[in-house]
K.L.:
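To start, I am sharing the structure in question, which I have written as structure tokens.
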Amino acid sequence: MPDRAPEPVDRQLPTDEARDLISLVRDIARREIAPKAAEEEDAGRFPRELFTLLSQSGLLGLPYDAEYGGGDQPYEVYLQVLEELAAARLTVGLGVSVHTLASYALAAFGAKEQQAEYLPAMLGGGLLGAYCLSEPSSGSDAASLRTRAVRDGDDWVITGTKAWITHGGIADFYTVMARTGEEGSRGISAFLVPGDAEGLGAAVPEKKMGMKGSPTAQVHLDGVRVPDARRIGEEGQGFAIALSALDGGRLGIAACAIGLAQAALDEALGYATERRQFGKPIADFQGLRFMLADMATQIEAGRALYLAAARLRDAGRPFAKQAAMAKLHCTDTAMRVTTDAVQVLGGYGYTADFPAERLMREAKVLQIVEGTNQIQRMVIARHLAGPETR
């Protein structure tokens, strides 16, 4: 592997506190995450103890209120933390993003009493969350979900199956979207379901192309009973809550994608400056230099795009279109850059002895999760030209 240490990303951070935070994250990534990444991914091992460390370090609730154990950080800082974590290991960066997504419904739409009771443990108490919207028959068409919650006195009884759930089977809490009323988007409500609820179980995790250390599984709810006090927001508000959560979640995926792409560029650059052919480093050949320049330019453009969207969010302005653009561009960039990194390494890039092949396999899923890139194009077009004609 290349001996050349990559230069850290030159970040534009708003405060000294944010700069100290990035330094902490880089130290954890260097000491605790990166050294074990390849071995643990190959073994399919989820680093639960690392998420305990991240929780203790205040990194699982960064964009939420300090009153409930959060970090009070703006999204532009939180996303750059995700990028640093994902560059070290995507399972970790994406895991933090999913946990943040799972906490969002309660943090943004929950009653004060609910927030005071549940958020401190979720944000800083070592818990791990999962977000349950997709189902076996409803992925992109999420409003057609079939999981149903039926009122029974002061409780709700939830029955159904959720699919493609990151942390499925190991999460301590699940934010679950279930149908409580009419068909379509207006009949869906949101619930906070504890991971040890009776009747809740998970299937064997999916066997995936990449991110083997991050469990993705179906979650089965067989008559799971939760009190009405765990319903988040109003009845029928669940789909709006889900879409609002996904706007922020897409920025998390965008940041993870840029972290992954940066790791691939660093690997390619290190290899190209050390590998010699025809008497000189292969980085001296113009064709390869242009490839590296394109990779770096795409990464910088993606970083600027997700940060611009984050700053809109931090200012309280609409950002859904920009979030879709960032998710689209950054994940496509990750796929291109990791593919090019494999090419730069040649035959070595195709072997598991170097991380390029793992990064390429991992990049693919980012074009799919939290809304495929085809869905992102639909979202962007609707903002530009209005809804499609029926």
K.L.:
Can you check whether Gly223's main-chain N or O pairs, donor with acceptor, with Thr159's side chain at less than 3.5 Å?
P.N.:
yes
K.L.:
Can you tell me how far the OG1 atom of Thr216 sits from the NZ atom of Lys208, to the nearest 0.5 Å?
P.N.:
3.0 Å
K.L.:
Ignoring hydrogens and angles, tell me if any N or O in the side chain of Gln115 forms a donor-acceptor pair with the backbone of Leu106 under 3.5 Å.
P.N.:
yes
K.L.:
side-chain contact (heavy atoms from CB on, under 4.5 Å) with Thr52: which residues, sequence neighbours excluded?
P.N.:
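By the side-chain contact (heavy atoms from CB on, under 4.5 Å) rule, Thr52 matches Gln56.
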K.L.:
Can you check whether Lys327's main-chain N or O pairs, donor with acceptor, with Thr331's side chain at less than 3.5 Å?
P.N.:
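A pair under 3.5 Å: yes.
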K.L.:
Please list, chain by chain and in numerical order, all residues satisfying side chain to side chain donor-acceptor pair (under 3.5 Å) with Thr166, sequence neighbours excluded.
P.N.:
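Result, side chain to side chain donor-acceptor pair (under 3.5 Å) vs Thr166: none returned.
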K.L.:
Quick check: do Pro281 and Thr273 have side-chain heavy atoms less than 4.5 Å from each other?
P.N.:
no
K.L.:
Sort and list the pairs that fulfil salt bridge (charged side-chain N to carboxylate O under 4.0 Å, His left out) and have at least one residue in residues 150-170, not counting sequence neighbours.
P.N.:
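As it turns out, the salt bridge (charged side-chain N to carboxylate O under 4.0 Å, His left out) pairs with a partner in residues 150-170, which skip direct neighbours, are Glu135-Lys162, Arg151-Asp228, Arg151-Glu235, Asp152-Arg225, Asp155-Arg225.
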K.L.:
Looking at side-chain heavy atoms only, is the closest gap between Cys132 and Thr175 below 4.5 Å?
P.N.:
no
K.L.:
Can you tell if the side chain of Leu128 reaches within under 4.5 Å of the side chain of Phe46, non-hydrogen atoms only?
P.N.:
yes
K.L.:
Using ring-ring contact (aromatic ring centres under 6.0 Å, His included), reason through Tyr174 and His167 one step at a time and then give a plain yes or no.
P.N.:
CA-CA 9 Å; Tyr174 296 82; His167 305 153; 9.4 Å; no
K.L.:
Start with the C-alpha gap between Arg186 and Glu182, add the side-chain angles, then the distance that decides, and say whether salt bridge (Lys or Arg N to Asp or Glu O under 4.0 Å) holds.
P.N.:
CA-CA 7 Å; Arg186 296 182 181 179; Glu182 62 189 85; 5.6 Å; no
K.L.:
Under a 4.5 Å cut-off applied to non-hydrogen side-chain atoms, are Asp65 and Leu119 in contact?
P.N.:
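The answer is no, as the side chains (C-beta and beyond) never meet within the 4.5 Å cut-off.
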K.L.:
Considering all heavy atoms of both residues, which atom of Ile165 and which atom of Ala130 are nearest to each other, and what is their separation?
P.N.:
CG2-CB, 3.9 Å
K.L.:
Please step through ring-ring contact (aromatic ring centres under 6.0 Å, His included) for the pair His99 and Phe173, ending with a clear verdict.
P.N.:
CA-CA 10 Å; His99 176 84; Phe173 66 91; 5.7 Å; yes
K.L.:
Starting from the C-alpha separation in whole Å, work towards a yes-or-no answer on salt bridge (Lys or Arg N to Asp or Glu O under 4.0 Å) for Arg31 and Asp27.
P.N.:
CA-CA 6 Å; Arg31 290 187 298 104; Asp27 185 56; 2.9 Å; yes
K.L.:
Apply side chain to side chain contact (heavy atoms under 4.5 Å, CB included) to Met360 and Met335, showing your working.
P.N.:
CA-CA 7 Å; Met360 180 180 172; Met335 195 71 248; 3.9 Å; yes
K.L.:
Can you sort out the partners of Ala309 under side-chain contact (heavy atoms from CB on, under 4.5 Å), two or more places apart, ordered by chain and number?
P.N.:
Leu251, Gln322
K.L.:
Okay, side chain of Arg250, backbone of Gly371: is any donor-acceptor separation there less than 3.5 Å?
P.N.:
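Judged by distance alone, no pair lies under 3.5 Å.
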K.L.:
If only atom types and distance count, is the side chain of Arg361 paired as donor or acceptor with the main-chain N or O of Met209 below 3.5 Å?
P.N.:
yes
K.L.:
Checking Asp10 now: which residues fulfil side chain to side chain donor-acceptor pair (under 3.5 Å) with it, not counting sequence neighbours?
P.N.:
none
K.L.:
The criterion is side-chain contact (heavy atoms from CB on, under 4.5 Å); which residues satisfy it with Phe285, sequence neighbours excluded?
P.N.:
Phe278, Lys280, Ile282
K.L.:
Mind checking what makes ring-ring contact (aromatic ring centres under 6.0 Å, His included) contact with Tyr75, not counting sequence neighbours?
P.N.:
Tyr78
K.L.:
Kindly list each side-chain donor-acceptor pair under 3.5 angstrom involving residues 188-201, sequence neighbours excluded, with atom names and distances?
P.N.:
{"residue": "Ser189", "atom": "OG", "partner": "Thr180", "partner atom": "OG1", "Å": "2.7"}
{"residue": "Ser189", "atom": "OG", "partner": "Gly236", "partner atom": "N", "Å": "2.9"}

K.L.:
Side chain of Arg317, backbone of Arg313: donor and acceptor closer than 3.5 Å?
P.N.:
no
K.L.:
Donor-acceptor pair, distance only, cut-off 3.5 Å: does the side chain of Thr100 make one with the backbone of Val96?
P.N.:
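It does hold such a pair.
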K.L.:
Evaluate side-chain hydrogen bond (donor to acceptor under 3.5 Å, both in side chains) for Arg336 paired with Thr339, printing each intermediate quantity in order.
P.N.:
CA-CA 5 Å; Arg336 285 194 300 269; Thr339 301; over 6 Å; no
K.L.:
Given the rule in the side chain to side chain contact (heavy atoms under 4.5 Å, CB included) test, do Leu21 and Leu59 qualify, once you have shown the distances and angles that lead to the verdict?
P.N.:
CA-CA 9 Å; Leu21 178 61; Leu59 300 180; 3.5 Å; yes
K.L.:
Under 4.5 Å between side-chain heavy atoms, hopping through other hydrophobics if needed: is there a path connecting Ile253 to Leu260?
P.N.:
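Per the 4.5 Å side-chain linkage, Ile253 and Leu260 are co-clustered.
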K.L.:
With Ala18, which residues qualify under side-chain contact (heavy atoms from CB on, under 4.5 Å), at least two apart?
P.N.:
Leu13, Pro14, Thr15, Gln73, Val77
K.L.:
Look at atom CD of Glu49 and say whether more than 12 heavy atoms of other residues, nucleotides or ligands are closer to it than 6.0 Å.
P.N.:
yes
K.L.:
Is a side-chain N or O of Thr351 found less than 3.5 angstrom from the main chain of Gly347, in a donor-acceptor match?
P.N.:
no
K.L.:
Can you name the nearest heavy-atom pair linking Cys330 to Ile258, along with the distance?
P.N.:
SG-CG1, 3.7 Å
K.L.:
Checking side chain to side chain contact (heavy atoms under 4.5 Å, CB included) for the pair Leu366/Leu94: CA distance, chi angles, key distance, verdict?
P.N.:
CA-CA 9 Å; Leu366 299 176; Leu94 189 134; 3.8 Å; yes
K.L.:
Okay, side chain of Gln237, backbone of Glu234: is any donor-acceptor separation there less than 3.5 Å?
P.N.:
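Side chain of Gln237 to backbone of Glu234: a pair is present.
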K.L.:
Scan for salt bridge (charged side-chain N to carboxylate O under 4.0 Å, His left out) pairs involving residues 68-96, sequence neighbours excluded, and state none if there are none.
P.N.:
Arg11-Glu83, Arg11-Glu84, Arg26-Glu84, Glu40-Arg89, Glu41-Arg89, Glu76-Arg311, Glu83-Arg303
K.L.:
Can the ring centres of Tyr104 and Tyr131 be said to be less than 6.0 Å apart?
P.N.:
no
K.L.:
Is Leu145 close to Met177 at the side-chain level, that is, under 4.5 Å between some pair of heavy atoms?
P.N.:
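Yes. Closest side-chain heavy atoms under 4.5 Å.
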K.L.:
Of the non-hydrogen atoms in Ala102 and Gly129, which two are nearest, and what is the gap between them?
P.N.:
CB-C, 3.9 Å
K.L.:
Just wondering, do Gln218 and Val204 contact through their side chains at under 4.5 Å, heavy atoms?
P.N.:
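Of all side-chain heavy-atom pairs linking Gln218 with Val204, none is under 4.5 Å.
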K.L.:
Is there a donor-acceptor pair closer than 3.5 Å between any side-chain N or O of Thr338 and the backbone N or O of Ala334?
P.N.:
yes
K.L.:
Kindly give the heavy-atom pair with the smallest separation between Ser97 and Gly252, and that separation in Å.
P.N.:
OG-CA, 3.6 Å
K.L.:
Would you find more than 12 non-hydrogen atoms of other residues, nucleotides or ligands less than 6.0 Å from Arg146 atom CZ?
P.N.:
no
K.L.:
Apply side chain to side chain contact (heavy atoms under 4.5 Å, CB included) to residues Ile368 and Trp164 and explain how you reach the verdict.
P.N.:
CA-CA 11 Å; Ile368 299 170; Trp164 310 112; over 6 Å; no
K.L.:
Is it possible for you to say whether Leu101 and Phe51 belong to one hydrophobic cluster, with membership spreading through side-chain heavy-atom contacts below 4.5 Å?
P.N.:
no
K.L.:
Who pairs with Arg382 by side chain to side chain donor-acceptor pair (under 3.5 Å), at least two apart in sequence or on another chain?
P.N.:
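Testing Arg382 for side chain to side chain donor-acceptor pair (under 3.5 Å), a comparison that skips the adjacent residues, returns Glu388.
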K.L.:
Is there a path of hydrophobic side-chain contacts, each under 4.5 Å between heavy atoms of I, L, V, M, F, W or Y residues, that connects Ile232 with Val176?
P.N.:
no
K.L.:
Return the set of residues passing side chain to side chain donor-acceptor pair (under 3.5 Å) with Gln367 (not counting sequence neighbours), or none when no residue passes.
P.N.:
Asp332, Lys364
